[in-house]
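Below is one structure, written out as structure tokens; the observations come after it.
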Amino acid sequence: MNITYNSPILLIQGIDIPHRFIYPAFALLLVAYLIILTTNIGVMLLILMERSLQQPMYLLFFSLSFNDVLGNTVVLPRMMLDIVSTIPSISYSWCVSQAFITHTYGTSCHTVMMIMAFDRYVAICHPLRYTSIMSPAMVAKLTVSAWSTSITMISIVLGLAVRLTRCRSIILNAFCDISSLYKLSCQDLSINNITGLTSITIINGLSITSVAFTYFRILISCVSKKNKELNRKAMQTCASHLVLYLIMLWSGFLVMISHRLPIHNGYRTLAALLFLIIPANMNPIIYALQTKELRTKIVQILYSKVTQLQ
């Protein structure tokens, strides 16, 4: 199979699942994907329809949910199809597109979380200036910056991958990513590896530094204030955001090192699924439970639906 050069069709190694577990695995991924769609699209529609929720914090929730839906939609349906396929395959152009979207999703997770941390910092440490600092124009600028930074960085790294001459036609992964595209080539990958590691270091370094700094300032502000009730609410909100951030950071780290260590493909796939599924399922649930206004609106809608059924 490796003698096929520049073939428009690539074979996917896929997930090594015993035959008796194929349909249970398909059903498990389908349920996880449907939950992601239901919860995240539900939050997005609620924010769009309710004018009272069209505030900076909820608009950032919208951006996060949109990112989760985008990243999972480009991977999970295709992965489910490959599980039940006899010979999983994908076109090279769609493989490149999938790699672009999945890496943009991963990078945007960091950039959006950075903005959300800054939003919490302004709300807790400078509450009187919150509306002036986090104005609609500022939120729009920050959101555009988050997405444009992600798209620009991934476009550069992916462009270096696409220029490589291919000498193989097998994707050694369950889905297409930039590292898998590298492995299709027999050329020297030094420039690609340096560029890839540099971009990872920059985005992770900025993400960790900014989130750590903002939460350190929030902690100092809460310690210095005497209002225990406000401090409790602030720390509760920040704790949920921090837990989700750490889960995303750790699962992303597992994905990163899995391509650089001689480990079984199954572990690499598991790490990628953790990065995709867990944050996307937890984000809308935790934020809905922790945010009073969003929780109230959801309860009102559910109550009205139950009343109509009765």
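This is a predicted model, so every value here is computed, not measured.
- D177 and S180 form a side-chain donor-acceptor contact under 3.5 Å, judged by distance and modelled atom types alone.
- Checked by atom type, the side-chain pair T107/S150 shows no donor-acceptor distance below 3.5 Å.
- The neighbour count for F66 CZ, taken as heavy atoms of other residues, nucleotides or ligands under 6.0 Å away, does not exceed 12.
- Judged purely by atom type and a 3.5 angstrom limit, S63 has no side-chain atom pairing as donor or acceptor with the backbone of L60.
- Checking each of T214, T131, I133 against V122 for a side-chain contact (heavy atoms from CB on, under 4.5 Å) leaves exactly one that passes, namely I133.
- Between L158 atom CG and S97 atom OG the span is 8.5 Å, to the nearest 0.5 Å.
- Between the side chains of W147 and T104, not a single donor N or O lies within less than 3.5 Å of an accepting N or O.
- Of the possible polar contacts, one joining the S148 side chain to the S145 backbone as a donor-acceptor pair under 3.5 Å is found.
- Summarising the geometry of P279 relative to L274, their closest heavy-atom pair is CD-O, 3.2 Å, with the distance given to 0.1 Å.
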Throw together a table of side-chain donor-acceptor distances under 3.5 angstrom for residues 123-130, partners on residues two or more places apart or in other chains.
unit_1 : atom_1 : unit_2 : atom_2 : d
H126   : NE2    : Y121   : OH     : 3.3
Y130   : OH     : D119   : OD1    : 2.5

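- Atom CD1 of I36 sits about 12.5 Å away from atom CE of M282, to the nearest 0.5 Å.
- The line from OG1 of T111 to CE of M116 is 11.5 Å long, rounded to the nearest 0.5 Å.
- Although no hydrogens or angles enter the test, the distance criterion places no donor-acceptor pair under 3.5 Å between the side chain of Q187 and the main chain of L164.
- Of all the heavy atoms in L181 and Y92, the pair that sits closest is CD2-CE1, 4.2 Å.
- Side-chain atoms of D82 never come within 3.5 Å of backbone atoms of I12 as a donor-acceptor pair (strictly under, hydrogens ignored).
- The aromatic ring centres of Y105 and F100 sit 6.0 Å or more apart.
- Surrounding CD1 of I17 are more than 12 heavy atoms belonging to other residues, nucleotides or ligands, all under 6.0 Å away.
- S85 places no side-chain N or O within donor-acceptor distance of the main-chain N or O of I87, the cut-off being under 3.5 Å.
- Annotation for R163: atom CZ counts as buried by contact number, over 12 foreign heavy atoms lying within 6.0 Å.
- Proximity of a side-chain donor or acceptor of N281 to a complementary backbone N or O of I277 within less than 3.5 Å is detected.
- The closest donor-acceptor contact from the side chain of H103 to the backbone of I178 lies under 3.5 Å.
- Using a distance-only test at 3.5 Å, with no hydrogens or angles considered, a donor-acceptor pair links the side chain of N72 to the main chain of L276.
- Between L70 and the options V75, N40, I101, a side-chain contact (heavy atoms from CB on, under 4.5 Å) holds for only I101.
- With a 4.5 Å cut-off on side-chain heavy atoms, S91 and L10 do not count as touching.
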May I have the step-by-step check of side chain to side chain donor-acceptor pair (under 3.5 Å) for D68 and N283, ending in yes or no? CA-CA 9 Å; D68 287 336; N283 284 342; 2.9 Å; yes
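- Residues passing the disulfide (SG to SG under 2.5 Å) test with C109, sequence neighbours excluded: none.
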